[in-house]
Amino acid sequence: MAMTRIRVGFLKATKIMTGTPPVPKWTDQENGIRATDRETGSPLFTVTLFLMEDDRAEALKITVPATGLPNGLHPGKFVQPVELFATPWARIFNGNLSEGVAYRCTALEIVDAPVAPDEIAAPAAAEEIAA
């Protein structure tokens, strides 16, 4: 059966911040077998990102190959995922249905921290109070 991959896009106002450092992804952690990209052989990592749009925020765990992790990536950095895809999945284990969405991108790019709307409005409000 073919897997459905859905390209994920963002609004211009979307802010994405790292919540965790990259964590190695394992195929078999007991035996020390790392998960790798099928095409390149690059080790895979999982990074938790906070996606913020309008008045909502969501935590997403995204798989990224080692080759797509920039230097200086740590929690609190604003990033832009490159070629982000969502893959819905479902399986039955011991008679119970599990389902979800797996996210994967080819790379994360560090971007400048966005200016919050409150930071823009604060100087004008401070001037009005002083007057």
Side-chain angles (χ1 to χ4, degrees):
M1 180 189 331
M3 263 196 185
T4 300
R5 288 178 19 132
I6 303 163
R7 184 178 297 276
V8 178
F10 301 106
L11 301 173
K12 286 187 180 184
T14 302
K15 299 172 192 80
I16 303 167
M17 182 175 63
T18 54
T20 63
V23 176
K25 192 166 182 160
W26 299 92
T27 299
D28 183 351
Q29 192 167 6
E30 270 186 32
N31 294 312
I33 302 171
R34 292 285 308 274
T36 57
D37 183 276
R38 290 180 186 177
E39 293 177 14
T40 66
S42 178
L44 297 175
F45 288 81
T46 301
V47 180
T48 300
L49 300 179
F50 296 116
L51 182 136
M52 298 164 280
E53 284 183 350
D54 299 324
D55 292 334
R56 69 179 188 91
E58 291 190 39
L60 302 175
K61 287 189 176 183
I62 297 183
T63 299
V64 185
T67 54
L69 295 171
N71 291 331
L73 184 67
H74 58 77
K77 286 282 190 180
F78 285 92
V79 294
Q80 182 67 43
V82 177
E83 294 186 32
L84 179 62
F85 285 89
T87 305
W89 60 269
R91 68 175 170 208
I92 297 176
F93 183 74
N94 289 336
N96 295 317
L97 175 66
S98 296
E99 59 185 341
V101 177
Y103 294 95
R104 181 156 175 181
C105 67
T106 58
L108 293 174
E109 294 178 347
I110 295 176
V111 296
D112 292 332
V115 176
D118 294 339
E119 294 173 2
I120 296 169
E127 289 175 13
E128 290 175 15
I129 293 170

Using side-chain heavy atoms (C-beta onward) and a distance below 4.5 Å, is Glu58 in contact with Arg56?
yes
Within the side chain of Ser42, is there an N or O that forms a donor-acceptor pair under 3.5 Å with the backbone of Ala66?
yes
Backbone of Thr20 reached by a side-chain donor or acceptor of Thr48 within 3.5 Å:
no
Any side-chain heavy-atom pair of Lys15 and Glu53 under 4.5 Å
no
Looking at Phe85, does the NZ or CZ of Arg5 lie under 6.0 angstrom from its six-membered ring centre and within 45 degrees of the ring axis?
yes
Hydrophobic cluster (4.5 angstrom, side-chain heavy atoms) - remaining members for Val64:
Val8, Phe10, Ile16, Phe45, Val47, Leu49, Leu51, Leu60, Ile62, Leu69, Leu73, Val79, Leu84, Val101, Tyr103, Leu108, Ile110
How far does CE of Met52 sit from CG of Asp54, to the nearest 0.5 angstrom?
12.5 Å
Contact check, side chains of Pro65 and Pro43, non-hydrogen atoms, under 4.5 Å
no
Roughly how far apart are Lys77 NZ and Met17 CE, rounded to 0.5 Å?
12.5 Å
With a 3.5 Å distance limit and no angle check, can you tell me whether Asp28 reaches the backbone of Glu30 through a side-chain donor-acceptor pair?
yes
Using a strict 4.0 Å threshold on nitrogen-to-oxygen distance, state whether Asp37 and Lys25 make a salt bridge.
no
All heavy atoms of Thr4 vs all of Pro88, minimum pair found to be O-CD, 3.4 Å
CZ (Arg91) and OG (Ser98) are apart, to the nearest 0.5 Å, by 5.5 Å
Check: Arg104 and Leu44 side chains under 4.5 Å, non-hydrogen atoms:
yes
Test question: given the 4.5 Å side-chain rule for I, L, V, M, F, W and Y, name all other residues clustered with Ile92, or answer none.
Leu97
Are Pro24 and Arg34 close enough that some pair of their side-chain heavy atoms sits under 4.5 Å apart?
yes
